[in-house]
Amino acid sequence: MSPDMWVLLTGILAAVACGVIGSFLVLRQNAMLGDAISHSVLPGLVIAFLITSSRGVVPMIVGAAVMGIATAYLTEVLDRTRNVYRDGALGIVFTFMFAVGVILIAIYADQIDLDQDCVLYGEIAYTPWDVAVVGGKSLGPRAVWILGGVLLANLAFIFSFYKQLKICSFDPAMARAVGLNERLWHYLLMTMVSLTVVAAFESVGAILVVAMLIVPGATAYLLTHRLSVMLVLSGVIGAASAIGGFFAASAIDASISGAMAVVSGLILAIVMITTILVRRISAKRHVRASRENETAPVQSM
Amino acid sequence: MGTAAVAPIEVHDLTVAYRKKPVLWDIDFDLPEGALIGLVGPNGAGKSTLIKAIMGLLPVLSGYVRIYGQPLEKQRELVGYVPQRETVDWDFPVDALDVVTMGRYGRMGLFARPSKRDKEIAMACLDKVGMADYATRQISQLSGGQQQRVFLARALTQDASIYLMDEPFAGVDAATEAAIITLLKDLKSKQKTVVVVHHDLNTAEEYFDYIMLLNMRLVKFGPTAEVFTPENLRITYGGKLQLLSQAAEKIARQG
């Protein structure tokens with residue numbers, strides 16, 4: 001496969017992995033949580049690096065998962081003190097954790113081959129040259145394997161625990177009332193979001209991750225009344241954004257991740273405008289129909 | 001009070017705080033079995049808070065709740081819950097049958113999907129509230145009253161012994177009001193215990209066997225005829241409410 005095709009595949013995998021799991025953030029009206037987690041994983045990555053002195057997949061993913069759960073847990077604890085409101089609690093926790101990460105990097109700067117840029121702003125164009133090598137054989141870009149794995153994990157998670165995710169997103173109080181451990185499911189979802197964010201960050205960069213967590217889900221939400229259809233659509237829209245962005249970027253020689261994010265935004269805009277127009281037209285038709293219904297009996301009299 | 005040896009719900013010295021402010025103080029009662037109980041009081045009296053505290057949805061400062069003598073965790077299947085309609089996002093991409101089926105989720109295995117039987121039960125419960133024709137409607141396309149009936153149907157799928165309903169009559173149409181009343185009578189005939197948070201003093205007397213007057217503390221609880229008096233209402237509402245004088249007049253006229 002040509003390097004270009006690997007870049008495209010990486011973009012698609014990242015967009016679909018973020019899109020499906022991010023749909024649940026959209027449904028919970030919790031879109032900022034993706035942004036928050038994408039910041040608060042930083043100390044996890046630094047600490048994992050300090051302990052293992054490697055930027056390998058496993059320490060990074062463990063570090064991110066721990067911090068993702070910590071973000072969700074600390075937000076919950078602050079919220080439960082009832083001294084701050086929920087979004088306030090989230091704002092406090094993620095800025096605090098991001099700051100800790102920045103300070104850790106500053107303190108250990110001489111031992112760390114890790115700066116904000118390389119943690120937070122991966123560059124998708126370089127992914128084809130960072131290949132996974134097993135037994136002397138090249139297996140293709142590392143990013144494709146990691147993102148492919150995360151996508152499969154997300155799909156398995158959603159497929160296995162569909163009903164729990166559904167009821168906890170729609171009506172958390174009812175979920176608890178029927179005896180489900182709503183908090184546990186919340187934490188598990190946050191863990192999956194954290195894993196996805198950190199896996200995608202490294203290869204495709206922050207802009208694309210934050211966009212793909214929310215925009216495909218938000219677009220799909222406008223297009224359907226069924227949760228299962230919404231999840232499939234969010235994946236399709238994510239993939240379409242990646243493909244469209246890839247070709248747009250090569251046409252105008254711009255940042256690939258940036259172009260993918262822009263295309264997803266354009267798709268959302270088109271869908272939103274169309275939805276509004278369709279609603280207006282059907283409302284007008286409805287009014288006209290009811291007017292005709294009203295006049296009909298008058299004429300017959 | 002009731003004839004049951006063990007009360008369906010026993011609340012003992014319950015105090016609940018919300019955002020640091022105590023909302024309920026020293027609430028203490030035993031509910032009789034098989035009765036329709038109206039929970040009445042002014043805004044901010046803690047009616048919803050009491051329901052949520054019984055359901056274990058709020059942290060409790062002191063005291064405890066027992067369901068047929070046991071903690072809630074052991075008796076969840078015996079308690080059906082109808083939350084306030086405004087607590088959820090009605091644009092959520094699910095249809096009426098999906099929402100009703102959620103009442104069965106607590107009984108399914110970790111990986112299990114709703115079975116054919118679960119769906120049949122959900123459908124039968126939708127039918128009971130007159131909503132069978134709307135099973136595949138997306139929930140945002142239902143009227144407020146229809147949404148309320150979907151919530152009631154969901155609680156019915158729990159096949160519980162006790163039902164806690166948070167303002168089911170709030171902002172509903174006449175058809176829904178009639179459907180709820182039929183449902184309450186049906187539940188009573190099956191010896192179910194039903195607690196209903198209720199706002200309308202004009203109908204409270206007619207709908208419920210027992211009335212609980214609440215205003216942060218338990219003002220009075222007992223059979224409607226004994227409790228629903230102008231004096232007790234004045235104590236509960238502090239003479240603030242215009243509705244109160246209307247209700248008082250009505251009672252006086254009847255008396």
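Treat the numbers as computed from the prediction; the structure is a model and nothing was measured. Below, chain A is the first sequence line, B the second, and so on; all start at residue 1.
For Tyr221(A), the part lying near chain B is the side chain, with the backbone staying farther off; criterion is any non-hydrogen pair under 4.5 Å. Within the 4.5 angstrom heavy-atom criterion, atoms from both the backbone and the side chain of Ser160(A) approach chain B. Both the backbone and the side chain of Ser169(A) come within less than 4.5 Å of a heavy atom in chain B. Of the atoms belonging to Phe161(A), it is side-chain heavy atoms, and not backbone ones, that fall under 4.5 Å from chain B. If you measure heavy-atom distances from Gln29(A) to chain B, the contacts under 4.5 Å come from the side chain alone.
Under a cut-off of 6.0 angstrom, the local environment of CZ in Phe96(A) is sparse, with at most 12 non-hydrogen atoms contributed by other residues, nucleotides or ligands. Trp185(A) CH2: more than 12 foreign heavy atoms inside a 6.0 Å radius. Other residues, nucleotides and ligands contribute over 12 non-hydrogen atoms within 6.0 Å of the CZ atom of Phe157(A).
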| Leu231(A) and Ile158(A): CA distance, side-chain angles, deciding distance, side chain to side chain contact (heavy atoms under 4.5 Å, CB included) verdict | CA-CA 9 Å; Leu231(A) 293 172; Ile158(A) 294 170; 3.8 Å; yes

| request: Decide yes or no on side chain to side chain donor-acceptor pair (under 3.5 Å) for Ser241(A) and Ser264(A), but give the supporting numbers first. | output: CA-CA 5 Å; Ser241(A) 310; Ser264(A) 73; 4.7 Å; no

| request: Evaluate side chain to side chain contact (heavy atoms under 4.5 Å, CB included) for Ile27(B) paired with Leu24(B), printing each intermediate quantity in order. | output: CA-CA 7 Å; Ile27(B) 306 293; Leu24(B) 290 175; 4.0 Å; yes

| query | Step by step, would you call Ile167(A) with Leu180(A) a side chain to side chain contact (heavy atoms under 4.5 Å, CB included)? | reply | CA-CA 9 Å; Ile167(A) 190 173; Leu180(A) 293 180; 3.5 Å; yes

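With contacts defined as side-chain heavy-atom distances shorter than 4.5 Å, the pair Leu78(A)/Ile92(A) qualifies. The closest side-chain heavy-atom distance from Ile273(A) to Ile276(A) is not below 4.5 Å. Put simply, the side chain of Pro172(A) does not reach to within 4.5 Å of the side chain of Arg28(A), judged on heavy atoms. Taking 4.5 Å as the limit, some side-chain heavy atom of Val26(A) sits within range of a side-chain heavy atom of Ile214(A). Residues Ile9(B) and Asp30(B) have side chains not in contact (no heavy-atom distance under 4.5 Å, counting atoms from C-beta outward).
Across Thr274(A) and Ile270(A), no two heavy atoms sit closer than the pair OG1-O, 2.5 Å. Closest of all the heavy-atom pairs between Asp28(B) and Asp13(B) is OD2-N, 3.0 Å. When every heavy atom of Leu36(B) is checked against every heavy atom of Leu184(B), the shortest pair comes out as CD2-O, 3.6 Å. Of all heavy-atom pairs between Ser38(A) and Asp35(A), the closest is OG-O, 2.5 Å.
Residues of residues 111-137 of chain B placed with any heavy atom under 4.5 Å of a heavy atom in chain A are listed by number as Phe111(B), Ala112(B), Arg113(B). Using a 4.5 Å heavy-atom cut-off against chain A, the contacting residues of residues 71-104 of chain B are Arg76(B), Tyr81(B), Pro83(B), Val88(B), Asp89(B), Asp91(B), Phe92(B), Pro93(B), Val94(B), Asp95(B), Asp98(B), Val99(B), Met102(B), Gly103(B). Of residues 188-200 of chain A, no residue lies under 4.5 Å from chain B by any heavy-atom pair. For residues 147-171 of chain B, heavy-atom neighbours of chain A at less than 4.5 Å comprise Phe151(B), Arg154(B), Gln158(B), sorted by residue number.
Remark: side-chain polar atoms of Lys47(B) are paired, donor with acceptor, to backbone N or O of Gly41(B) under 3.5 angstrom. With Ser234(A) contributing its side chain and Pro216(A) its backbone, the two residues share no donor-acceptor pair below 3.5 Å.
A cation-pi contact links Arg66(B) to Tyr64(B), judged by a cut-off of 6.0 Å to the six-membered ring centre and 45° from its axis.
Interface remark: of the candidates Met230(A), Gln164(A), Lys166(A), Glu182(A), Lys166(A) forms the most heavy-atom pairs closer than 4.5 Å to chain B.
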